[in-house]
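Take a look at the structure set out below.
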Amino acid sequence: MISLSESFETEPEVIDRSALSYIFNEEPVDLSTFIQDQKFMNMPHISLSEPQFTTIQAAERVFYPDIYPKMGEEFNSDYWRTDIPMRNLFTVMYGKGGGKDFVCQVISLRIAYLLMTMKNPQAYFELPDMASIHLLNVASSSGQARRAFFEPMTKVVRNGWFKDKARPKRDSIVYQNNIEAISGHSDAEGQEGLNILLGVADEIDAFPMKMEKGGEREASTSAETILDMLKSSAGTRFPDTFKRVAISYPRYLGSPIMNLIEEGKKSIKEEGDKTIHFVSGPYATWEVNPRISGPDAPSLRDHYAIDPRKARAMYECKPEKAIDPYFKNFDIFRSAIDRPSSPLEITYDVETIESAINPGATMEAWIPKFQFSPDFKPVAGANYAIHADLAVVGDRAGISMSHVEKWKTETRKVMGEDGEVYHKEMNLPIIKNDFTVAFEADLIAKPFAREIQIRWARELAYELMSRGFLIRRYTFDGFQSVDSIQILETHGIETDRVSMDRTDVHWKNLRDVASEGRLRMPYVKILMDEIEALSHINGKIDHPPHLSKDMADALAGSVAGAIVVGGAEDADGSLVDVGDSFFEMGESVTSPLYGYEMYSGGNIMPIGMNGSGTFGL
């Protein structure tokens with residue numbers, strides 16, 4: 001019998017906690033054995049492609065890096081001896097049918113298996129013994145997660161090695177060692193508090209992006225929020241070894257998976273071996289699934305015939321700007337380009353201005369500067385229409401001006417009330433878009449942030465009027481436009497609120513004008529990108545989340561406005577040369593437009609002028 005004093009003198013047993021015998025109950029098998037052997041997944045017919053194998057092999061590395069050389073030595077295993085760098089953020093872009101779900105199912109099952117070969121994974125990761133380790137899959141709908149991802153996994157764990165070590169439920173699999181695989185949902189807030197070692201964002205492009213969401217509550221289901229949740233929840237629990245896996249085929253350029261691919265490749269290029277990113281793809285379906293021969297495969301042929309744009313995105317990972325393009329034939333706008341660049345550029349300066357409410361007081365403000373091409377002058381007889389899209393959510397507000405260049409007569413077939421088809425002569429307008437530009441914010445500008453000011457749209461109108469442009473109509477999209485409408489109306493300009501979102505009539509009008517070769521416009525890259533990306537989204541014409549449509553809205557509104565005000569350039573194309581810009585803020589100024597009425601038939605007062613030939617600005 002050992003006395004109390006003797007027990008205090010006894011040397012405690014020294015335990016080498018890094019020894020594999022302390023960590024493992026059994027030696028983990030290699031990946032191929034795990035998939036093919038009947039004792040495990042029992043899929044001897046499955047042979048992974050190289051991209052699939054390397055992705056799973058990198059994702060299964062959830063132990064601390066120092067253990068793998070020991071596993072290679074003590075288990076005499078070349079598989080574990082292979083040097084594979086630790087990676088945390090996985091982006092997998094394969095074409096539809098390329099096995100993305102299968103890859104992630106194997107990753108989840110494989111990690112669960114590896115953790116169950118351990119004696120106490122909680123102690124290994126320094127978690128409380130009662131803590132569960134979670135393997136989470138999140139899909140845009142619970143039904144998708146359960147059918148496409150979870151049900152195949154439950155079939156595997158009912159047999160073989162897992163049979164007496166796993167209890168599958170409707171939306172989860174409870175494993176031994178307090179390991180739990182969960183079929184999650186799209187609300188990030190509902191996943192907080194989990195000890196996520198593996199987080200899978202299933203078909204991340206099926207999630208809406210944050211800017212598509214209406215409020216904070218809805219934003220919790222956005223792609224960005226889901227990705228941030230998976231990264232932060234996993235990264236705080238398992239900072240060295242966590243895995244976040246995002247999989248999808250791309251729906252459109254700039255989609256979440258496209259952004260992740262770009263982010264990952266940039267990190268790998270800049271950080272090299274220190275990166276935490278792993279990128280697999282983009283790969284076409286047949287590059288990762290040898291059972292599919294290519295786009296001419298019987299299972300894909302019809303898809304390419306019906307919608308080649310969508311098929312290329314789905315199967316080749318080659319998306320276009322639009323999700324479901326409104327303008328199916330974008331060449332109608334390429335053909336409309338007749339000038340290489342816009343005649344108007346906007347720059348910004350900080351100037352000291354006088355306060356409108358405190359006489360004598362001054363303040364600094366951003367002032368736009370309008371720089372016009374020397375040959376940009378008004379044409380006699382033309383009525384100009386401007387539309388401003390000031391629904392400023394991001395960093396840009398579009399402004400466009402157009403006019404009717406001339407009218408042409410065409411004979412067209414029309415159906416009368418009696419159902420008979422008649423030939424009728426119709427006058428059709430040829431529209432010239434004079435410019436489409438944008439005011440731009442810059443929140444990191446110095447000496448202070450530059451935010452878009454609604455008054456800038458009015459100042460551009462005054463500047464154009466001072467140069468002799470006969471502005472008949474100035475419309476707004478409705479956002480914060482009441483003040484501008486009232487001010488412009490006092491200067492004799494017809495104004496109205498015209499929304500491009502409530503109806504597609506203006507888009508149909510733009511399509512008709514462009515498709516019939518009746519549109520001329522300067523080349524503006526951002527505008528062309530916006531037009532090309534316009535899509536049918538939720539029952540209306542809208543832009544994909546990564547783009548805006550401010551300039552496209554402005555173009556459509558100005559073309560519609562030009563048709564409303566009518567008119568046409570004089571046959572001889574006479575230019576109204578009124579000299580340089582004279583516009584200044586503040587006092588009334590004498591207008592150099594004196595005599596302009598000679599170009600408008602003598603009975604039209606230049607818009608904005610009063611009888612004394614001055615502008616009261």
Side-chain angles (χ1 to χ4, degrees), residues 211 341-351 353 356 363-373 376 384-402 433-467 469 471 473-488 491 493 495-501 521-531 533 543 546-559 561 581 583-585 617:
M211 65 184 299
S341 60
S342 172
L344 168 61
E345 292 185 7
I346 302 175
T347 57
Y348 305 88
D349 287 335
V350 174
E351 293 187 359
I353 63 172
M363 60 182 291
E364 286 191 327
W366 285 101
I367 303 296
K369 300 294 182 180
F370 307 120
Q371 301 175 1
F372 296 93
S373 300
F376 183 61
Y384 293 89
I386 300 177
H387 183 79
D389 182 81
L390 303 178
V392 186
V393 176
D395 58 358
R396 189 178 296 119
I399 309 284
S400 183
M401 185 171 79
S402 299
N433 173 241
D434 299 284
F435 63 77
T436 302
V437 294
F439 293 116
E440 296 186 346
D442 186 352
L443 300 183
I444 61 172
K446 303 297 182 182
F448 49 86
R450 184 176 75 239
E451 296 181 285
I452 295 171
Q453 303 295 307
I454 305 302
R455 62 185 174 86
W456 293 351
R458 300 195 302 270
E459 292 173 17
L460 177 55
Y462 301 151
E463 178 76 7
L464 290 163
M465 288 154 53
S466 76
R467 291 173 171 266
F469 289 90
I471 300 175
R473 182 175 172 85
Y474 201 141
T475 54
F476 297 84
D477 68 341
F479 179 81
Q480 297 182 357
S481 58
V482 174
D483 186 46
S484 290
I485 286 175
Q486 291 179 343
I487 293 172
L488 291 170
H491 293 291
I493 298 179
T495 60
D496 199 358
R497 276 177 276 185
V498 177
S499 174
M500 300 298 118
D501 296 326
M521 58 190 290
Y523 175 77
V524 180
K525 185 181 186 305
I526 295 176
L527 172 62
M528 297 295 281
D529 287 343
E530 288 188 359
I531 294 172
H543 58 88
H546 65 297
L547 288 177
S548 66
K549 66 181 182 78
D550 308 295
M551 297 178 77
D553 278 343
L555 173 66
S558 73
V559 169
S581 168
F583 174 73
E584 295 178 1
M585 289 292 291
L617 305 183

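Heavy atoms only: backbone and side chains are in, while hydrogens, waters and symmetry mates are out.
- When every heavy atom of Trp366 is checked against every heavy atom of Ala449, the shortest pair comes out as NE1-O, 3.4 Å.
- Separation of the Trp456 and Tyr348 ring centroids falls under the 6.0 Å cut-off.
- Considering all non-hydrogen atoms of both residues, Ser373 and Ser342 come closest at OG-O, 4.3 Å.
- Ser400 and His387 form no side-chain donor-acceptor contact under 3.5 Å, judged by distance and modelled atom types alone.
- Atom CD of Glu345 has 12 or fewer neighbouring heavy atoms from other residues, nucleotides or ligands inside a 6.0 Å radius.
- Nearest heavy atoms, Phe435 versus Pro343: CB-CD, 4.0 Å.
- Note that CG of Asp553 is 11.5 Å distant from CD1 of Ile399, once rounded to the nearest 0.5 Å.
- In this structure, Thr436 and Met521 have side chains that are not in contact, with every pair of non-hydrogen atoms separated by 4.5 Å or more.
- Distance alone, capped at 3.5 Å, is enough to place a donor-acceptor pair between the Glu530 side chain and the Met551 backbone.
- How far OG1 of Thr475 is from CZ of Arg497: 12.0 Å, rounded to the nearest 0.5 Å.
- Under the 3.5 Å distance criterion, the side-chain polar atoms of Asn433 are matched with a main-chain donor or acceptor of Met401.
- Atom CD of Gln453 sits about 10.0 Å away from atom CZ of Arg458, to the nearest 0.5 Å.
- Atom CG of Leu443 and atom CZ of Arg450 lie 9.5 Å apart (nearest 0.5 Å).
- Although no hydrogens or angles enter the test, the distance criterion places no donor-acceptor pair under 3.5 Å between the side chain of Ser341 and the main chain of Val524.
- Tyr462 has its ring centre no less than 6.0 Å from the ring centre of Phe370.
- We find the CD1-CG distance between Ile386 and Asp434 to be 9.0 Å, quoted to the nearest 0.5 Å.
- Side-chain atoms of Leu464 and Tyr474, non-hydrogen and from C-beta on, never get closer than 4.5 Å to each other.
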Trace of the salt bridge (charged side-chain N to carboxylate O under 4.0 Å, His left out) decision for Glu440 with Arg396: CA-CA 5 Å; Glu440 296 186 346; Arg396 189 178 296 119; 3.6 Å; yes
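- In plain terms, the two heavy atoms of Arg455 and Glu459 that are nearest each other are NH1-OE2, 2.6 Å.
- Here CZ of Phe439 is found 4.5 Å from CD1 of Ile346. Values are rounded to the nearest 0.5 Å.
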